[in-house]
Amino acid sequence: MFATYLIGLREGLEATLVVSILVAFLVKSNRRNRLPHVWLGVGLAVVLSVVFGWFIEYTSTTLLNTSEERELFDAVTSVAAVVFVTWMIFWMRRAARSIAGELRGKLTDALAVGAVAVTGMAFLAVIREGLETALIFYSAARGLADNNTGPLLALVGGIATSVLLGFLLYASALKINLSRFFTWTGALLILVAAGIFKYGVHDFQEAGVLPGLNDKAFDISSTLDPSTWYATLLSGMFNITPAPSVLEMVAWVAYAVPVLVLFLKKPSRGAARPAAPAAPTSTSSASAPQRA
């Protein structure tokens with residue numbers, strides 16, 4: 001369940017930082033009358049994300065009639081989740097230094113248009129994180145189907161932790177090296193994504209789309225007892241199983257190794273420097289993401 005907690009923490013903190021930038025900008029510019037419109041946009045994004053997560057689960061459990069259809073659906077959602085995770089961690093590494101300025105610029109444009117534009121801008125700023133969270137959570141939690149409430153509670157706990165951290169950052173009561181935070185959580189999420197990808201390949205094999213379901217890469221069931229707590233932890237976190245197929249292991253290594261190398265490789269000197277300093281009117285809470 002730590003994987004789902006990490007998903008909630010990582011995605012939740014990104015969304016919280018976005019909201020804190022918007023709120024801080026409105027407070028600093030004496031436009032508090034627009035705060036309800038920001039919260040309305042955030043609320044709509046949260047509701048739509050929950051509905052999206054419910055629809056994925058409903059599709060898998062109710063709309064699909066055969067086990068082959070469900071396995072194929074789960075495989076496709078797993079691959080989609082891996083794509084979203086990979087895009088998200090690399091996007092955050094690249095955009096973290098400039099995200100505050102970009103959001104303030106977009107909000108300034110929205111303020112000039114009116115209340116609907118402010119609501120829409122806040123909605124669009126948060127909905128991406130919400131949809132990603134719903135999709136990634138569904139893909140990561142399927143391996144823990146024996147405990148229906150545990151993964152959800154872990155996700156909610158991660159989101160609650162991110163909201164608390166975001167509030168403390170906004171209140172300047174907490175200093176976090178966001179660059180280091182996103183690097184470590186990004187590396188862990190890559191390993192989680194590798195496990196999701198491996199699980200997706202297994203589902204493709206179960207659905208008959210890919211061959212080799214019974215071609216085992218190894219079998220360490222006698223050493224890694226699936227009933228033990230550490231086997232459950234490894235399976236839930238990184239989808240490490242005692243008897244994976246050859247194709248599953250090829251998929252895991254083919255994704256995890258190159259993506260980790262690219263992610264942990266330091267950006268070029270020119271890309272590592274921010275293009276320009278932030279505006280002098282930024283607040284401590286708004287500048288928090290710029291320290292990433």
Side-chain angles (χ1 to χ4, degrees), residues 1-15 44-89 91-92 126-162 185-186 188-207 209-210 232-241 248 251-252 255-256 259:
M1 290 186 293
F2 180 73
T4 54
Y5 176 84
L6 178 64
I7 291 168
L9 177 62
R10 168 77 187 223
E11 295 283 349
L13 187 58
E14 288 185 20
L44 290 174
V46 171
V47 170
L48 182 59
S49 301
V50 172
V51 171
F52 178 66
W54 168 83
F55 180 72
I56 295 176
E57 179 67 22
Y58 180 76
T59 299
S60 178
T61 58
T62 305
L63 297 183
L64 301 179
N65 297 320
T66 66
S67 60
E68 290 79 9
E69 289 176 343
R70 288 190 287 271
E71 294 291 350
L72 185 58
F73 177 79
D74 289 344
V76 172
T77 56
S78 293
V79 173
V82 171
V83 171
F84 274 119
V85 168
T86 308
W87 178 82
M88 176 262 295
I89 58 177
W91 176 85
M92 177 54 71
V126 175
I127 189 60
R128 177 178 61 84
E129 308 294 343
L131 296 181
E132 285 178 2
T133 302
L135 181 60
I136 299 168
F137 167 70
Y138 172 78
S139 299
R142 284 182 295 116
L144 301 174
D146 57 325
N147 186 347
N148 293 326
T149 60
L152 180 60
L153 291 176
L155 179 73
V156 172
I159 294 175
T161 304
S162 70
T185 57
L188 286 173
L189 276 181
I190 288 173
L191 296 179
V192 171
I196 293 175
F197 188 44
K198 173 178 172 289
Y199 200 99
V201 169
H202 178 80
D203 284 337
F204 275 126
Q205 292 178 313
E206 290 277 4
V209 176
L210 292 177
T232 302
L233 177 64
L234 290 174
S235 177
M237 183 65 186
F238 304 121
N239 195 28
I240 296 177
T241 52
E248 286 180 65
W252 196 96
Y255 173 85
V259 175

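All values derive from a computational prediction rather than experimental measurement.
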* Rounded to the nearest 0.5 Å, how far does CD of Glu14 lie from OG1 of Thr133? -> 8.5 Å

* **side-chain contact (heavy atoms from CB on, under 4.5 Å) partner of Phe52, the single match among Leu131, Ile127, Val47** => Leu131

* Heavy-atom count around Phe197 CZ within 6.0 Å, excluding the residue itself: above 12? -> no

* Go through Tyr199 and Asp74 one step at a time and tell me if the side chain to side chain contact (heavy atoms under 4.5 Å, CB included) criterion holds. => CA-CA 9 Å; Tyr199 200 99; Asp74 289 344; 5.6 Å; no

* Asked: Atom CG of Leu155 and atom CD of Glu11: how far apart are they, to the nearest 0.5 Å?
  -> 9.5 Å

* Any pair counted as salt bridge (Lys or Arg N to Asp or Glu O under 4.0 Å), so long as it reaches residues 52-70, sequence neighbours left out -> none

* Asked: Would you say the side chain of Trp87 lies within less than 4.5 Å of the side chain of Glu132, judging by non-hydrogen atoms?
  -> yes

* Least distance between heavy atoms, Ala154 atom then Thr4 atom -> CB-OG1, 3.1 Å

* Structure fact -> Separation between CD1 (Ile136) and CG (Leu189), nearest 0.5 Å, reads 7.0 Å

* Asked: How about Phe204 and Leu72: do any of their side-chain heavy atoms sit closer than 4.5 Å?
  -> yes

* Asked: Got more than 12 heavy atoms from elsewhere within 6.0 Å of CZ, Phe84?
  -> no

* Heavy atoms, side chains only, cut-off 4.5 Å: are Val85 and Ile7 in contact? -> no

* **Heavy-atom side-chain contact between Asp203 and Phe73 under 4.5 Å** => no

* Nearest 0.5 Å, what's the CH2-OG1 distance between Trp91 and Thr86? -> 15.5 Å

* Write down the atom of Ala75, the atom of Gly200, and the distance for their closest heavy-atom approach. => CB-O, 3.5 Å

* Sub-4.5 Å side-chain heavy-atom contact between Trp252 and Val201 -> no

* Asked: Any donor and acceptor pair, going by atom type alone, linking the side chain of Ser139 with main-chain N or O of Thr77 inside 3.5 Å?
  -> yes

* Can you tell me how far OG of Ser49 sits from CD of Glu129, rounded to the nearest 0.5 angstrom? -> 9.5 Å

* Asked: Any side-chain heavy-atom pair from Thr241 and His202 closer than 4.5 angstrom?
  -> no

* **Residue pair Ile89 / Arg10, side-chain heavy-atom distance below 4.5 Å** => yes

* **Test ring-ring contact (aromatic ring centres under 6.0 Å, His included) applied to Tyr58 - qualifying residues, sequence neighbours left out** => Trp54

* To do: Quick one: closest heavy-atom pair of Gly8 and Ser162, and the distance?
  => O-OG, 4.1 Å

* Kindly compute the distance separating CD (Glu71) from CD (Gln205), expressed to the nearest 0.5 Å. => 11.0 Å

